[in-house]
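Working notes for the structure below.
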2 protein chains.
Amino acid sequence: MISANNPEHKSWLEVPENSDFPIQNIPFGIISTEGDTKRVATRIGDQVIDLKVLFDLGYLADLHFGLEDFDTDTLNNMMRKGKEGTRNLRNRIAELFEEKNHEIRQNDNHLKQALIPVADVTMEMPIEIGDYTDFYSSKEHATNVGTMFRDPDNALLPNWLWIPVGYHGRSSSVIVSGVPVHRPKGQTKPSEDEDPVFGPCRLLDFELEMAFVTYDGKPMGDSISTREAEDFIFGMVLFNDWSARDIQKWEYVPLGPFLAKNFASSISPWIVTLDALEPYKVESPEQEPKVLPYLEFDGKKSYDINLEVYIKPDNGNENKVCSSNFKYMYWTMAQQLAHHTVNGCNVRRGDLMGSGTISGPTEDSYGSMLELSWKGTKPLKMDDGSERKFIQDNDTVIMRGYSESNGVRIGFGEVSTKVLPAK
Amino acid sequence: MISANNPEHKSWLEVPENSDFPIQNIPFGIISTEGDTKRVATRIGDQVIDLKVLFDLGYLADLHFGLEDFDTDTLNNMMRKGKEGTRNLRNRIAELFEEKNHEIRQNDNHLKQALIPVADVTMEMPIEIGDYTDFYSSKEHATNVGTMFRDPDNALLPNWLWIPVGYHGRSSSVIVSGVPVHRPKGQTKPSEDEDPVFGPCRLLDFELEMAFVTYDGKPMGDSISTREAEDFIFGMVLFNDWSARDIQKWEYVPLGPFLAKNFASSISPWIVTLDALEPYKVESPEQEPKVLPYLEFDGKKSYDINLEVYIKPDNGNENKVCSSNFKYMYWTMAQQLAHHTVNGCNVRRGDLMGSGTISGPTEDSYGSMLELSWKGTKPLKMDDGSERKFIQDNDTVIMRGYSESNGVRIGFGEVSTKVLPAK
């Protein structure tokens, strides 16, 4: 079997310039089309490839998958096969669509069944999430928040450099790109001296994050080491952790964010495998003080993934407001997963783990409006002349991400979410 | 159809004195027996009643259930029928086993299939939990914690009297009574001046809680009012929210408890319906200051449920360490659910919501070792002469609960969990 990652490979399917989906990507998602049920698919260029059809036609034989792995509402079934199973599947798909391969290329009838133009497809929520955890792993973000709300001279809390701090979030309200969000309502406290009031959130924010999806973990009581961690991670998505800053400020002491976050979190629809991202591995920031042994790791565990955020006012143009990169993350995914399970907490297939807001070192690389507008003191200008301190009703927030080297670009597509007025 | 709640009713099945399971209870659970698969059951006295068998034999006809509602691993399927469906089912079971009813009583062959002595049954995890939320709704508990760790004169944080404070917990590690727990390991900070260290938790604690289980909620974006809340609550269980106090202390600022809690939470196996608890409704504590309108409610929304905690040393006797009552809760379940959804957060069938530690006004009614031993300064004496500041390896912690009036006792059985040494 060939390796999907060979940068020399080309597909006989057309791949537009700067496409996120060359033959080296082969992400997985759930699609629906008019009049047909949900099923598993991948994408090359602007063609969606229906894996249920490929399976039915016999092209995925000998890979130990069954129809129930592709004719299904979520990717959870196929993820039972673990890293080796999904790796073999991805390599087989790359083989089928590689330019020298004629197995399916010559069969017009089969192609007609298996290929669907991306414009004719609705992308669905790709996984059934068991538990969703959100980390807080960007040092720049934690420093910015600490500077704004606590003490610029002691911006990081004492535990931050020792622990990949995280908390549990809400899985029921994780939605896929394209699903709109209503501005949440809740309690806020207008000032120190006033009683709290109830009403629509006034400080609605995005958080630029990425998230990873797990395979089956170990039984309760066991831990996953940093060395093992990548074997338990299926892939990654773009993640917008919607945040109501005014609700958060009043509610979050002492048990953390709750209603400020759990009204919605948005993910991009294609899960890009860690295998596809392998060529883009980079060092993560040096960690000082030295971490405890269970958090130590060898080699490169981060990824060079360019991240961008755009705000699109109603009927307006996209305005880029942030350019960041996943490589800025202080804590790696391997450390996050090792920490999460070091107490015996069990991870299940389909769990989602967010990175926390990914802010970079420069002012244009901050991953939230809170930081970009510095608590509203520096409004951002849109090209229509309007200003944004936070997100307004009918704004659409779009996040995009991609890795690029040796002429190959592996992208995530986008997560795009429109904010509707409070109900 | 009769009402299961009639205190005059007796069952023709024997109900031992002080049993938690008279004919007025009719809780729901998932059982397994040797060589047979999991299925839905209820219990009267010391007899478990196999509802799959009752359905197969036609005794549950006309109730709009199907075999898939009873021949299944969890109660989630039958809960699709909502409050009316499960109420009708409970009333029908009460009718069948009421002393004047001879439908099944006269059929030895059917009885042999449907009844199983409780000793021959393994109680399984009753629900597939979507999201698990834990509240912090006992004023006495919050005051005790605030007094110990912050300021006795300002023990309650400013938001506590305005918000039923809650946070998201881990659903993957919720286990049923009888499943042991390994002492968790994690980071703790021995003192202000020392670096953190890694090792087994030294301050392992229980938290005496109850939890409720939801039916299908409303779509994302909608809210459930306090008036509607009870229609969305299926029933309640005893809940032990295991807590590693030393891990918690070091990790919880600013995003709340994480590894200190997510290694395990234990529930009792029988879900007692709100319908069964209806006769035990009581007023909850007066709320001052007056809550915001979305948290107001009419009538009695709390329940008089006696709660007890026992510690059983390895090969030792049970030592009662706490007698509390659910009625002490400051915030009601209706308020918790209304708050949880006021921002549009969607609740799903099978979600679990914990009350928070239920401490009463007296020192023997505190719901955790942290409070009972007042941070370890007042060790509790066991009858074998040993002392407990926190929970030791091989201790079993047992929680029991019941309501009682008019000679009818509706109980929850118990949640019993043994603590094994760290792995």
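Proteins get letters first, then strands, A, B, ... in listed order; numbering begins at 1 in each.
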Test your reading of the model: is there a side-chain donor-acceptor pair from B/Asn262 to the backbone of A/Cys345, 3.5 Å cut-off? no
Locate the shortest heavy-atom distance separating A/Gln187 from B/Trp162; write the atom from each residue and the value. NE2-O, 2.8 Å
Assess the residue pair A/Lys261 and B/Asn343 against the criterion (side chain to side chain contact (heavy atoms under 4.5 Å, CB included)); give the C-alpha distance rounded to whole Å, side-chain angles, the decisive distance to 0.1 Å, and a yes or no. CA-CA 9 Å; A/Lys261 299 275 194 176; B/Asn343 66 344; over 6 Å; no
Evaluate side chain to side chain contact (heavy atoms under 4.5 Å, CB included) for B/Trp250 paired with A/Ile163, printing each intermediate quantity in order. CA-CA 9 Å; B/Trp250 172 229; A/Ile163 291 177; 3.5 Å; yes
Provide the closest heavy-atom pair for B/Val253 versus A/Asn159 in the form atom of the first, atom of the second, distance. O-ND2, 3.0 Å
Given that the side chain runs from C-beta out, which part of B/Val181 has a heavy atom under 4.5 Å from chain A: side chain, backbone, both or neither? neither
So which atom in B/Asp222 and which in A/Lys423 form the shortest heavy-atom distance, rounded to 0.1 Å? OD1-NZ, 2.8 Å
Region of B/Leu420 in contact with chain A, defined by heavy-atom distances below 4.5 Å: neither
Compute the ring centroids of B/Tyr167 and A/His168, then answer whether they are less than 6.0 Å apart. no
So, the part of B/Pro158 with a heavy atom under 4.5 Å from chain A: the answer is both
Go through the side-chain N and O atoms of B/Arg348 and A/Ser173 and say whether any donor and acceptor fall under 3.5 Å apart. no
For B/Val197 and A/Leu292, work out which heavy atoms get closest and say how close. C-CD1, 4.1 Å
Contact origin within B/Ala244 toward chain A - heavy atom pairs under 4.5 Å: neither
Go through the steps to decide whether A/Arg170 and B/Asp351 satisfy the test salt bridge (Lys or Arg N to Asp or Glu O under 4.0 Å), and finish with yes or no. CA-CA 11 Å; A/Arg170 182 89 192 167; B/Asp351 285 352; 2.6 Å; yes
On a heavy-atom basis, which atom in B/Leu157 and which in A/Pro254 lie closest, and how many Å separate them? CD1-CD, 3.4 Å
Portion of B/Leu295 that has a non-hydrogen atom of chain A nearer than 4.5 angstrom: side chain
Distance col, row A/Phe258:CZ vs B/Asp134:CG, nearest 0.5 angstrom, shows 9.5 Å
Is the distance between the ring centroids of B/Phe198 and A/Tyr294 under 6.0 Å? yes
Heavy-atom proximity to chain A below 4.5 Å, by part of B/Phe149: neither
Are any side-chain N or O atoms of B/Asp131 and backbone N or O atoms of A/Ser172, one a donor and one an acceptor, separated by less than 3.5 Å? yes
Let me know if B/Lys185 has heavy atoms under 4.5 Å from chain A in its side chain, its backbone, both or neither. both
